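What follows is one structure encoded as structure tokens, with my remarks underneath.
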Amino acid sequence: AMNGTPYFAMEYVDGKPLNVWCRERNCSLVERLRLFRAVCEAVQYAHTHLVVHRDLKFSNILVKPDGTPKLLDFGIAKQLEDTAEPVHQTQTNVRFTPAFAAPEQIRREPVGVYTDVYALGVILYELIAGRAPYDFGNSSTSDIVNVIAGEQDPPRPSDSPGRVSASRSEWRDLDVLCLKPMKKEVGR
């Protein structure tokens with residue numbers, strides 16, 4: 001800026017959040033998975049450049065009118081020196097959305113690529129189950145923290161009444177695909 005104030009110039013993305021896009025168009029399982037795969041490819045690209053997003057959520061994934069998903073808001077992303085080296089976080093520099101936060105974020109433990117993988121599991125869960133993995137309703141932040149950092153796993157997405165249409169064998173794979181990235185232990 002002319003007065004010396006720093007600023008960012010970023011692309012304007014005219015789109016809708018991924019979940020809204022899918023709901024409004026009543027997208028099939030295949031369409032949802034195609035969009036999700038494109039999001040995963042964008043996240044993988046960031047990871048190969050040693051960048052962890054740390055705040056993946058629907059409002060940060062917009063789908064343009066042509067059906068192209070765009071990953072937004074790397075505002076709290078962290079660059080890793082090495083993908084094997086987790087990023088340590090302090091109480092003062094932590095910002096994330098609790099419903100999409102990984103247990104290690106909630107516990108203020110080091111974050112890494114696995115933190116984004118957890119959030120992708122939450123996103124996929126809601127895309128195919130038609131609901132979030134946990135029903136937080138009017139829960140306080142401390143209740144949300146206790147659920148995510150606790151030991152209880154979410155129910156299988158195939159048990160959700162609002163799930164997308166898929167065969168029994170597809171649901172066996174989808175349950176694993178959703179729940180594996182949402183394991184509470186980073187090593188799993």
Side-chain angles (χ1 to χ4, degrees), residues 17-23 25-48 51-61 63 67-69 71 80 83-84 86-87 96-107 109-137 139 143-188:
L18 176 60
N19 57 337
V20 174
W21 171 274
C22 290
R23 185 174 55 249
R25 286 164 180 75
N26 196 23
C27 290
S28 69
L29 173 63
V30 170
E31 292 169 315
R32 291 166 191 258
L33 293 177
R34 180 188 61 77
L35 289 164
F36 182 72
R37 179 181 173 137
V39 171
C40 289
E41 288 170 353
V43 172
Q44 182 180 20
Y45 180 84
H47 289 174
T48 61
V51 173
V52 180
H53 190 285
R54 301 196 306 170
D55 196 27
L56 292 171
K57 56 187 175 183
F58 287 115
S59 60
N60 283 339
I61 304 167
V63 184
T68 305
L71 185 57
L80 303 177
T83 50
V87 174
F96 50 75
T97 306
F100 293 87
E104 62 273 8
Q105 282 177 296
I106 296 289
R107 294 188 293 252
E109 295 171 357
V111 298
V113 295
Y114 42 81
T115 306
D116 285 349
V117 170
Y118 181 95
L120 287 169
V122 174
I123 289 164
L124 178 60
Y125 189 108
E126 187 167 331
L127 278 181
I128 66 170
R131 62 177 297 275
Y134 300 106
D135 180 14
F136 291 126
S139 301
D143 290 339
I144 294 171
V145 163
N146 290 336
V147 169
I148 292 173
E151 295 181 11
Q152 180 186 353
D153 288 327
R156 294 179 307 185
S158 60
D159 292 337
S160 173
R163 68 188 180 274
V164 296
S165 178
S167 71
R168 184 174 290 152
S169 65
E170 287 171 329
W171 272 116
R172 277 195 297 271
D173 291 340
L174 290 168
D175 281 342
V176 172
L177 190 62
C178 272
L179 297 177
K180 180 76 173 174
M182 294 177 62
K183 293 294 182 192
K184 305 288 184 171
E185 310 82 17
V186 168
R188 296 188 64 199

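Here the structure is a predicted model, which is why all the values come from computation and not from measurement.
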Determine whether H53 and L71 satisfy the following criterion, side-chain contact (heavy atoms from CB on, under 4.5 Å), listing intermediate values before the conclusion. CA-CA 10 Å; H53 190 285; L71 185 57; 4.3 Å; yes

If you count the non-hydrogen atoms of other residues, nucleotides and ligands that lie under 6.0 Å from CD in E185, is the total more than 12?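 Correct, the count exceeds 12.
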
Would you say R37 has more than 12 foreign heavy atoms packed within less than 6.0 Å of its CZ?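 12 or below, so no.
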
A side-chain contact here means heavy atoms from C-beta on lying under 4.5 Å apart; do [X] and [Y] qualify?
| X | Y | value |
| --- | --- | --- |
| V39 | L120 | yes |
| L179 | P154 | yes |
| F136 | V147 | yes |
| C22 | E31 | no |
| P157 | R163 | no |

Can you tell me how far [atom2] of [Y] sits from [atom1] of [X], rounded to the nearest 0.5 angstrom?
| X | Y | atom1 | atom2 | result |
| --- | --- | --- | --- | --- |
| E126 | F58 | CD | CZ | 4.0 Å |
| N60 | R54 | CG | CZ | 13.0 Å |
| L127 | L35 | CG | CG | 8.0 Å |
| I128 | I123 | CD1 | CD1 | 13.0 Å |
| T115 | L56 | OG1 | CG | 10.0 Å |
| R156 | W171 | CZ | CH2 | 10.5 Å |

Atom of [X], atom of [Y] and distance for their closest heavy-atom approach:
| X | Y | result |
| --- | --- | --- |
| V52 | H47 | CA-CD2, 4.3 Å |
| P155 | R131 | CG-NH1, 3.9 Å |
| D175 | S158 | OD2-OG, 2.6 Å |
| Y118 | P103 | CE1-CD, 3.4 Å |
| P98 | I144 | CB-CG2, 3.8 Å |
| C178 | L124 | SG-CG, 3.7 Å |

Flag, side chain of [X] to backbone of [Y], donor-acceptor distance under 3.5 Å:
| X | Y | value |
| --- | --- | --- |
| Q44 | E41 | no |
| K57 | A99 | no |
| K180 | G121 | no |

For D143 and Y134: C-alpha separation, side-chain torsions, deciding distance, then whether side-chain contact (heavy atoms from CB on, under 4.5 Å) applies. CA-CA 11 Å; D143 290 339; Y134 300 106; over 6 Å; no

Please evaluate residues V111 and D116 with respect to the criterion side-chain contact (heavy atoms from CB on, under 4.5 Å), reporting the C-alpha separation (whole Å), side-chain torsions for both, the decisive distance (0.1 Å), and the verdict. CA-CA 9 Å; V111 298; D116 285 349; over 6 Å; no

Can R23 be said to sit on top of W21's aromatic six-ring, NZ or CZ under 6.0 Å from centre and within 45° of the ring axis?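 No cation-pi geometry.
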
When you look at R107 and E109, which way does the salt bridge (charged side-chain N to carboxylate O under 4.0 Å, His left out) test go after all the steps? CA-CA 5 Å; R107 294 188 293 252; E109 295 171 357; 3.1 Å; yes

